[in-house]
Amino acid sequence: MIETLPGFRQFYPEDCAARNYLFSIWRRVAVSFGFQEIDGPQLEPLELFTEKSGEEIVGQLFNFTDKGERNVSLRPELTPRVAVMAGSKANALRKPVKWFSLGEMFRYEKPQKGRLRSFYQLNVDLFGEENCSADAEVMGLCISILKSFGLTDKDVVLRLSDRTLWLHCLNGWGLDEASALRCLTVIDKVERVERSELVKQLDGIMTGKGDWLLESAEGLLKIKSLSELDGFVAKHFSGTEHAAVLAARIEEWRYLLKSFEDMGLSDFVQVDFSIVRGLAYYTGFVFEVFDRAGESRALAGGGRYNHLVRKMGGPDLPAVGFGMGDVTLRNLLEEKGLMATFADTLDCYVIYNGEESRTEALCDIMRLRELGFSVDYPLKGGNFGKLFKTANQRGARFVLIYGPDELEKNVVKVKEMLAGREQELHREHFIEMMAQLIRG
RNA sequence: GUGGUAGUAGCUCAGUUGGUUAGAGCAUCGGAUUGUGGUUCCGAGGGUCGAGGGUUCAAGUCCCUUUUACCACCCCA
């Protein structure tokens, strides 16, 4: 037997049903928020990704040279393509542009739990609105989706941070923009790297002041609420030239958090400045959603990326978005017992006895199928006891019996499996009556 | 890319210091049961013991290599 490539999955019916369940909720809730579905190619020119993320990214890509000597890569994410799509029609698109996409992504990584080489991702993007009402809408959708799966604020938390505020503070502490960005990549590691190592790295950015810088940063990292943030900014920056921009930014925070309150989603949101996200293209509010209990990987993550569209060759177009993968989500839902088991179900299972009965049965089966009902029947007959057992296993609501007795009386015997009730329906109006029974 | 652990039927797993023809439960198929389901009983099929090499009279078991999965790193759009 030939195995799948590492990190790729086969989907048996139960797996497909589970996947479709995730897709259906993703799609339904995104549409309910007024987002429209889009998609892009699965195979892309390599430059699309190196343009956005630099040459280092190639190590993580599923890339190769095609028969036309083109450097290509399976898509590891959708965002650059969406940025191109939005950018190239930017002037023609009604703002705000609210798009989402469900698709398979590929990354050449070492497979482990919650991380495969092929996975499905929901991608949500909102273009053309600078106000943080757009951030609220996008994050609100992210939380609402998780709620729709049955997850509560006891299960998951959206950790909300802000790269703009970080940069203002670092700027206020004397770092230029390039140093500040380097500093953020160090801060991103604060949960998993030892303190002395962090100080060393920060020393490399601000000579002799690494320790002080880390302490200042830790002040920000400790903050858990807006009032604490107010206090922090007052303590560090009141009376300085940075006070005004910081005050303005805090007003945006106030507006964003108020939006979550108005949406009834506040309990899902936690101020947490340790989230800065690895990639440098994020420009404002950033967030990640985690399982509150476990140490599993992030369920979703995203933020503001106001410069990407221009970087991809389009006009200035502010943007905010997030991605959510199927693997971690499904793991969590299974852990929490929120993943339904997807049993085989049928509206009708038809059993017959003899060739003449089969002729009549097939005729009715096709008519019921045309009405959209799921109807199945044994391909090779069998005794009635066995066939009832099969009907039961198949999850059939009704069993329709076509036999010599019924044929003679010109009826179909209909058994409702759950109730065990039986009745005979005259064949003259059988399809109509059967349709009524199934519907209701 | 670096370490650790593991791999026996479709699934979950037994398999003694190396010793007849590798087992069980579940699932599948058939029968008891050719006009009535969830229970029960009987039976069958299904294994190159992940792959390759070595040690041995003899390897699922010991050794080496390799591969895959899981876990921890690196990374994480």
Side-chain angles (χ1 to χ4, degrees), chain A residues 1-10 12-14 44 48-54 56-62 73-83 105-117 119 121 123 125 185 188-189 192-193 275-282 286 288 295-303 305 308 311 321-325 327-328 331 343 346 349 351-354 357 378 380-408 413-422 424:
Chain A
M1 227 82 81
I2 297 172
E3 292 178 4
T4 59
L5 291 167
F8 285 77
R9 293 172 284 176
Q10 302 180 122
Y12 285 97
E14 316 80 75
E44 293 276 17
L48 182 69
F49 307 114
T50 52
E51 183 72 23
K52 176 195 161 204
S53 310
E56 318 82 66
I57 198 69
V58 176
Q60 313 280 345
L61 292 180
F62 221 111
S73 174
L74 290 166
R75 60 184 181 188
E77 60 167 330
L78 199 68
T79 306
R81 173 53 64 192
V82 179
M105 306 294 157
F106 307 86
R107 297 179 186 177
Y108 203 90
E109 307 203 66
K110 178 153 183 167
Q112 43 187 283
K113 186 163 195 170
R115 182 198 223 176
L116 302 173
R117 286 183 176 181
F119 57 94
Q121 196 178 61
N123 193 274
D125 295 283
T185 65
D188 189 37
K189 297 177 187 150
R192 21 178 225 280
V193 177
I275 304 293
V276 290
R277 303 288 286 167
L279 268 247
Y281 69 87
Y282 283 109
V286 288
E288 289 190 343
E295 294 174 11
S296 69
R297 314 176 57 75
L299 291 160
Y305 53 99
L308 186 64
K311 192 172 179 192
F322 73 88
M324 181 184 294
V327 183
T328 322
N331 286 348
L346 285 175
Y349 193 73
I351 67 186
Y352 57 87
N353 188 357
S357 306
K380 62 167 187 184
N383 69 56
F384 274 35
K386 185 135 297 212
L387 294 176
F388 267 93
K389 192 175 273 189
T390 305
N392 197 48
Q393 286 172 330
R394 295 292 306 275
R397 271 180 70 203
F398 296 96
V399 170
L400 314 187
I401 301 159
Y402 293 73
D405 302 350
E406 288 78 13
L407 220 57
E408 199 172 320
K413 196 179 271 183
V414 177
K415 178 158 184 174
E416 191 171 353
M417 291 298 271
L418 217 56
R421 263 199 309 268
E422 259 184 20
E424 292 185 339

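So that the names make sense, note that chain A is the first sequence line, chain B the second, and so on, each numbered from 1. Note that the coordinates shown come from a computational prediction; the quantities given were computed from them, not determined experimentally. These values consider heavy atoms only, across backbone and side chains, with no hydrogens, waters or symmetry-generated copies.
- Between the OH atom of A/Tyr12 and the P atom of B/rU28 there is a distance of 16 Å, given to the nearest Å.
- Contact annotation: A/Asn392 side-chain N/O to B/rG37 OP1/OP2 distance is not under 4.0 Å.
- Remark: C1' of B/rU28 and CD of A/Gln393 are 10 Å apart, rounded to the nearest angstrom.
- Of the candidate nucleotides B/rC73, B/rA77, B/rC70, B/rC73 has the atom nearest to the side chain of A/Gln112.
- At the phosphate of B/rA32, neither OP1 nor OP2 sits under 4.0 Å from any side-chain N or O atom of A/Lys389.
- Looking at heavy-atom distances under 4.0 Å, A/Tyr281 makes contact with sugar-phosphate atoms alone, never a base.
- Looking at A/Tyr108, its side chain never comes within 3.5 Å of a backbone N or O of A/Val58 through a donor-acceptor pair.
- No contact: A/Leu387 has no heavy atom under 4.0 Å from any strand.
- The partner of B/rU36 cannot be assigned: no Watson-Crick or G-U wobble pair with both contacts below 3.5 Å exists in any strand.
- Contact record, A/Phe49 with A/Ile57: O-CG2, 4.0 Å, taken as the closest heavy-atom pair.
- Counting non-hydrogen atoms under 4.0 angstrom, A/Ile401 reaches a base of the nucleic acid.
- Pairing of B/rA69, defined by two Watson-Crick or G-U wobble distances under 3.5 Å, is identified with B/rU5.
- In this structure, A/Lys386 atom NZ and B/rG35 atom P are separated by 14 Å, rounded to whole Å.
- Using atom P as the reference point in both B/rG7 and B/rC62, the two lie 10 Å apart (nearest Å).
- B/rA44 and B/rU16 are spaced 31 Å apart, taking the C1' atom of each and rounding to whole Å.
- At least one side-chain heavy atom of A/Tyr352 sits less than 4.5 Å from a side-chain heavy atom of A/Pro378.
- The nearest whole Å value for the distance from the CD atom in A/Glu416 to the C1' atom in B/rU36 is 15 Å.
- When side chains are defined from C-beta on, A/Arg81 counts as touching A/Glu44, because their heavy atoms get closer than 4.5 Å.
- When both pairing distances are held under 3.5 Å, B/rA58 makes no Watson-Crick or G-U pair with any nucleotide shown.
- In this structure, A/Gly7 reaches the sugar-phosphate backbone alone: every heavy-atom distance under 4.0 Å involves primed, P, OP1 or OP2 atoms, never a base.
- Considering only heavy atoms from C-beta on, A/Arg421 comes within 4.5 Å of A/Glu416 through its side chain.
- Taking 4.5 Å as the limit, every side-chain heavy atom of A/Arg9 sits out of range of all side-chain heavy atoms of A/Thr4.
- No contact: A/Gln121 has no heavy atom under 4.0 Å from any strand.
- Atom P of nucleotide B/rG37 and atom CG of A/Leu346 are separated by 19 Å, given to the nearest angstrom.
- The nucleotide whose nearest atom lies closest to any side-chain atom of A/Lys110 is, among B/rG37, B/rU2, B/rA77, B/rU2.
- Taking only side-chain atoms of A/Lys113, from C-beta outward, the nucleotide of B/rA77, B/rG37, B/rC71 with the closest atom is B/rC71.
- If you check B/rU21 for Watson-Crick or wobble pairing at under 3.5 angstrom, you find it has no partner at all.
- Of the P atoms belonging to B/rA9 and B/rU66, the separation is 24 Å, rounded to the nearest Å.
- Of the P atoms belonging to B/rG19 and B/rA59, the separation is 11 Å, rounded to the nearest Å.
- In this structure, A/Asn353 atom CG and B/rU36 atom P are separated by 11 Å, rounded to whole Å.
- The residue A/Pro76 sits close to a base: some heavy atom pair falls under 4.0 Å.
- Atom CZ of A/Arg9 and atom P of B/rA69 are 13 Å apart (whole Å).
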Quick one: side chains of residues 381-392 of chain A, donor-acceptor pairs under 3.5 Å with protein atoms, not counting sequence neighbours, listed by atom name and distance.
{"unit_1": "A/Asn383", "atom_1": "OD1", "unit_2": "A/Gly385", "atom_2": "N", "d": "3.1"}
{"unit_1": "A/Asn383", "atom_1": "OD1", "unit_2": "A/Lys386", "atom_2": "N", "d": "2.8"}
{"unit_1": "A/Thr390", "atom_1": "OG1", "unit_2": "A/Lys386", "atom_2": "O", "d": "3.0"}

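- Comparing B/rU48 with B/rG43, their P atoms are spaced 25 Å from each other, to the whole Å.
- Contact annotation: the side chain of A/Phe106 never approaches that of A/Ser73 to less than 4.5 Å [non-hydrogen atoms, C-beta and beyond].
- In this structure B/rC29 sits in a base pair with B/rG43, meeting the Watson-Crick or G-U test at under 3.5 Å.
- Within the nucleic acid shown, A/Gly323 has no heavy atom closer than 4.0 Å to any nucleic acid atom.
- B/rU36 has A/Phe388 stacked on its base ring, the centres lying under 5.5 angstrom apart and the planes within 30 degrees of parallel.
- Atom name C1', nucleotides B/rA72 and B/rU65: the rounded distance is 24 Å, in whole Å.
- Atom CD in A/Glu14 sits about 11 Å away from atom C1' in B/rG10, given to the nearest Å.
- Between the C1' atoms of B/rC57 and B/rG45, the separation comes to 35 Å (whole Å).
- Comparing B/rC29 with B/rU61, their P atoms sit 34 Å apart, to the nearest whole Å.
- Contacts of A/Pro404 with the nucleic acid, taken as non-hydrogen atoms under 4.0 Å apart, include base atoms.
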